[in-house]
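Worksheet: one structure, shown below.
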Amino acid sequence: MEASSITILGGDLRQCYAAEYLASQGFAVMCCHTPDFPYQPGISRTDRLTEALGHSELILAPTPLTRDGANLLQAETCAPCPLETLWEKLTPNHRFAAASLPAGCLNALEAAGCEILAYGSLPFFQEQNARLTAEGLLAEVIRLTPFALSSASLLLIGYGCCGAAIARLFLPLCRNLHVIEQDAEKRSMAKNNGILPVSRKEFAKILPECQIIINTVPAPVLDTAQLAQLHSSCHIFDIASAPFGFPENTTEICLLPYYRIPGIPGRFSPASAGKIVGKAIERMAEHAI
């Protein structure tokens, strides 16, 4: 294994552009279970997991790691790669880089003795990835709503990194923008930035006026009774990770347009998103974080 080498496992085009960036910075890059990538000169490819893991001590996992909880996220044309098989082939020599990992996967990696590089927690990555998320979300909101944003009232659920980036982009475009946020410091930040925090006692007044709801919190915030207060033209956009903020059958239950939009940077700006991933991995590799 080479110290300046990296193995790219599965994923979407973000992984492809991360591979290109890392190769341009002098890493020896090998891709595995990525048949659809437009490979550049100097990037190796294999379909054999053993060969891929033997190429490098640094492994870059896809985002998300898995969709079904059992197999690596990869192109549908590839034979399934069970996560159990991956865990069995990892050794204490490997460093496993991922944006985030489910608890069960963390336990499996710790049992294998791997060092885990959680680049998703790096502030610079969070900020830039949130900006790409906001841009892609804006495109989807414009595409899927039948009214102009300039006439719309928007309710944002959560004012974390993504919520703040979304608010900055949408605020100048909307008639007004409210936010539901439990953290007092974040509520204060939102208010200072021109966003109107909403308390629970104000739900009855604000919810019927909302035409767009954007959820960034991976947990239910509005219950069924509160959803019933929404106007029939309200569109709900859920960009949270699992278990999401609303049930999958929200449209059937509440008769409201409901859209789950995961992986926005990978869908709308994979080149920029992949480069951000590559830079995060480069920093972590250089500084042995």
request  = Apply side-chain contact (heavy atoms from CB on, under 4.5 Å) to M30 and T46, showing your working.
outcome  = CA-CA 7 Å; M30 176 174 282; T46 182; 3.6 Å; yes
Same apolar cluster: [X] and [Y], side chain cutoff 4.5 Å:
X    : Y    : value
F237 : L169 : yes
L65  : F244 : no
V221 : L154 : no
F147 : L155 : no
I180 : V217 : yes

Measure from the side-chain N and O atoms of [X] to the backbone N and O of [Y], and report whether any donor-acceptor pair falls under 3.5 Å.
X    : Y    : result
Q25  : L22  : no
T66  : L73  : no
S153 : C210 : no
Q229 : P208 : no
D12  : R14  : yes
H94  : L58  : no
T145 : V141 : yes
T250 : Y258 : no
N129 : F125 : no
T7   : A52  : yes

request  = Go through T85 and L49 one step at a time and tell me if the side-chain contact (heavy atoms from CB on, under 4.5 Å) criterion holds.
outcome  = CA-CA 9 Å; T85 301; L49 185 60; 4.2 Å; yes
query = Do N249 and T251 pass the side-chain hydrogen bond (donor to acceptor under 3.5 Å, both in side chains) test, and can you show the C-alpha distance, the side-chain angles, and the key distance before you say yes or no?
reply = CA-CA 5 Å; N249 60 345; T251 295; over 6 Å; no
Could you grab the distance from atom [atom1] of [X] to atom [atom2] of [Y], nearest 0.5 Å is fine?
X    : Y    : atom1 : atom2 : answer
S5   : E57  : OG    : CD    : 7.0 Å
L222 : L230 : CG    : CG    : 7.0 Å
I253 : F246 : CD1   : CZ    : 11.5 Å
I239 : I157 : CD1   : CD1   : 11.0 Å
T91  : L53  : OG1   : CG    : 8.5 Å
I213 : D238 : CD1   : CG    : 10.5 Å

Indicate yes or no: at least one non-hydrogen side-chain atom of [X] is less than 4.5 angstrom from one of [Y].
X    : Y    : value
C105 : L83  : yes
C174 : S150 : no
I264 : L132 : no
Y21  : K275 : yes
L196 : L177 : no
V277 : Y17  : no

Restricting to non-hydrogen atoms, name the atom on [X] and the atom on [Y] that form the minimum distance, rounded to 0.1 Å.
X    : Y    : result
R45  : T34  : NE-O, 4.1 Å
A152 : I212 : CB-CD1, 4.2 Å
A130 : C161 : CB-O, 3.7 Å
A23  : I43  : CB-CG1, 4.0 Å
R260 : E248 : NH2-N, 3.2 Å
I206 : H178 : CD1-NE2, 3.6 Å

inquiry  = Run S188 and E185 through side-chain hydrogen bond (donor to acceptor under 3.5 Å, both in side chains) and show every step you take.
reply    = CA-CA 5 Å; S188 179; E185 184 177 351; over 6 Å; no
More than 12 heavy atoms from other groups under 6.0 Å of [atom1] on [X]:
X    : atom1 : result
E127 : CD    : no
E252 : CD    : yes
R175 : CZ    : yes
E51  : CD    : yes

message = side-chain contact (heavy atoms from CB on, under 4.5 Å), that's the test. Do H231 and L256 meet it? Break it down for me.
response = CA-CA 8 Å; H231 192 275; L256 296 171; over 6 Å; no
task = Sequence neighbours left out, what passes ring pair (Phe, Tyr, Trp, His ring centres under 6.0 Å) with F170? Give chain and number order.
result = none
inquiry  = Side chains of Y119 and T63: any donor to acceptor distance under 3.5 Å?
reply    = yes
task = Answer yes if the side chains of S199 and E202 hold a donor-acceptor pair under 3.5 Å, and no otherwise.
result = yes
request  = Would you please test I281 and L117 for side-chain contact (heavy atoms from CB on, under 4.5 Å) and show each step?
outcome  = CA-CA 8 Å; I281 298 305; L117 305 181; 5.7 Å; no
inquiry  = Applying side chain to side chain donor-acceptor pair (under 3.5 Å), can you list everything that pairs with Q74, at least two apart in sequence or on another chain?
reply    = H33
request  = State whether E140 and R143 are salt-bridged, where the test is any N-O pair (Lys NZ or Arg NE/NH1/NH2 against Asp/Glu carboxylate O) under 4.0 Å.
outcome  = yes
inquiry  = Taking the six-membered ring of Y159 as reference, does the cationic atom of R187 (NZ for Lys, CZ for Arg) lie under 6.0 Å from its centre and within 45° of its axis?
reply    = no
ask   = Which class fits the ring pair Y259 and H235: parallel under 30°, tilted 30 to 60°, perpendicular over 60°?
value = parallel
